[in-house]
Number of protein chains: 2
Amino acid sequence: MKISAHEEYGLRCLVQLARAEVDAESLTLNQIADREGLSVANAGKLMWVLVKAGLVQSQRGANGGYTLARPASDIRLNEVIRILDEDTVDRFCKTHAGVLDACIHTSDCGIRPVIVGLHEIVQNALSEITLAELIGSEENVDARLHQIQKLQSPLRPMRSAH
Amino acid sequence: MKISAHEEYGLRCLVQLARAEVDAESLTLNQIADREGLSVANAGKLMWVLVKAGLVQSQRGANGGYTLARPASDIRLNEVIRILDEDTVDRFCKTHAGVLDACIHTSDCGIRPVIVGLHEIVQNALSEITLAELIGSEENVDARLHQIQKLQSPLRPMRSAH
DNA sequence: AGCATTCCTTACTTTTTCGTCAAGTTTAGA
DNA sequence: TCTAAACTTGACGAAAAAGTAAGGAATGCT
């Protein structure tokens with residue numbers, strides 16, 4: 001259960017754009033790559049994904065650059081992650097079926113809902129955070145995260161099934 | 001934000017052992033591999049990780065096999081995932097620092113707490129589920145997951161920082 | 001004791017993912 | 001129109017993950 005390089009880098013680039021938005025500036029590819037320690041080519045490919053998804057606007061030519069398509073306060077992290085994931089969505093049992101062609105658990109599978117449910121939980125948590133909230137100081141972001149986490153109340157155990 | 005093959009397969013094997021525990025039986029490697037559609041070699045490697053971590057007990061020789069080291073109702077999924085992750089833990093900014101040696105955000109980073117916080121949220125959700133709860137019917141497991149998800153109350157927005 | 005069964009361990013091959021390079025296309029300004 | 005800045009795209013090579021194979025060691029049964 002880890003976050004991929006694509007996801008993290010994409011998120012970082014968006015945060016840079018969110019910071020630039022405060023001053024109504026646009027960022028060039030070189031600026032973004034520099035600030036995030038990425039190669040220009042890699043950052044370019046990453047930005048293209050975000051542009052294609054409609055999250056970022058690009059302006060070509062001299063004095064061009066990238067800007068957020070919407071205010072940072074309107075962009076929620078679940079949308080960002082969904083875009084950067086893209087391909088990994090929709091393959092639950094299908095890809096991890098092992099040697100078999102079809103999932104061996106098609107009839108009554110205890111694993112599938114766990115996989116799906118976990119993704120839902122993560123998406124749910126992410127939808128509570130906007131890009132704008134990430135440009136604050138580290139302490140603020142940290143506090144925000146723990147605020148979300150605390151609200152997961154303790155649960156009554158479920159009766160054993162069978 | 002996806003689950004690796006290791007994690008899913010490992011979880012599946014544990015569920016098989018949990019089912020066998022109900023009848024106080026032990027499962028051989030071939031049985032596990034068969035039921036999960038994995039190659040024997042691959043399942044063997046997987047089981048070895050679980051044995052080493054103390055989650056599973058193994059008995060060599062004729063009539064040998066694998067059994068859970070503890071009752072399934074005592075094994076929570078966060079522990080399972082943590083074991084199967086192992087190597088991916090503890091590398092937040094460090095591994096994804098891009099071209100640079102050190103994280104470019106060491107001073108005041110908005111991304112790091114997000115990465116860490118997300119893992120905590122996932123671990124939190126997982127700690128509410130035990131292996132025993134996964135051997136029920138698919139509907140029960142699904143209901144259980146949504147029960148957890150529902151308890152994430154809506155949050156008040158955090159004031160913008162700066 | 002010897003044999004069959006089963007787990008344990010190491011090394012290797014295949015596949016996927018990640019990152020980079022290089023060439024091409026579009027735009028803005030002099 | 002010409003030039004430079006900037007984005008776009010596809011192909012390539014390196015690194016990591018996933019899966020495979022084979023030999024070794026322990027246990028129980030006859």
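By convention in this document, chain letters (A, B, ...) are assigned in the order of the sequence lines, proteins followed by strands, and residues within each chain are numbered from 1.
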Give a yes or no on whether the backbone of E7(B) and the side-chain of S4(B) come within a donor-acceptor separation of less than 3.5 Å. yes

Can any side-chain N or O of Q31(A) pair as donor or acceptor with the backbone N or O of T28(A) at less than 3.5 Å? yes

Nearest-angstrom distance from the residue atom [atom1] of [X] to [atom2] of [N]:
X      : N       : atom1 : atom2 : answer
I32(B) : dT6(C)  : CD1   : P     : 12 Å
L29(A) : dT9(D)  : CG    : P     : 14 Å
N42(A) : dC7(D)  : CG    : P     : 15 Å
E8(A)  : dT17(C) : CD    : C1'   : 16 Å
L46(B) : dT9(C)  : CG    : C1'   : 15 Å
K52(B) : dT9(C)  : NZ    : P     : 9 Å
L50(B) : dC8(C)  : CG    : P     : 11 Å
H6(A)  : dT20(C) : NE2   : P     : 12 Å

OP1, OP2 of [N] versus side-chain N and O of [X]: anything below 4.0 Å?
X      : N       : answer
Y9(B)  : dG19(D) : yes
S58(A) : dA6(D)  : no
W48(A) : dC7(D)  : no
Y66(A) : dA6(D)  : no

With the side chain counted from C-beta on, respond yes when [X] and [Y] share a heavy-atom pair under 4.5 Å apart, and no when they do not.
X      : Y      : value
L17(A) : M47(A) : yes
C13(B) : L27(B) : no
L50(A) : L84(A) : yes

With sugar-phosphate meaning primed atoms plus P, OP1 and OP2, does G65(B) contact a base, only sugar-phosphate, or nothing at under 4.0 Å between heavy atoms? sugar-phosphate

Applying side-chain contact (heavy atoms from CB on, under 4.5 Å), can you list everything that pairs with T130(A), at least two apart in sequence or on another chain? R76(A), A132(A), E133(A)

Name each donor-acceptor pair under 3.5 Å that joins a side chain in residues 55-63 of chain A to protein atoms two or more places apart or in another chain, with its distance.
none

If the sugar-phosphate is the primed atoms plus P, OP1 and OP2 and the base is the rest, what is the B/S/- string for nucleotides 21-30 of chain D, using protein heavy atoms under 4.0 Å? B---SBBSS-

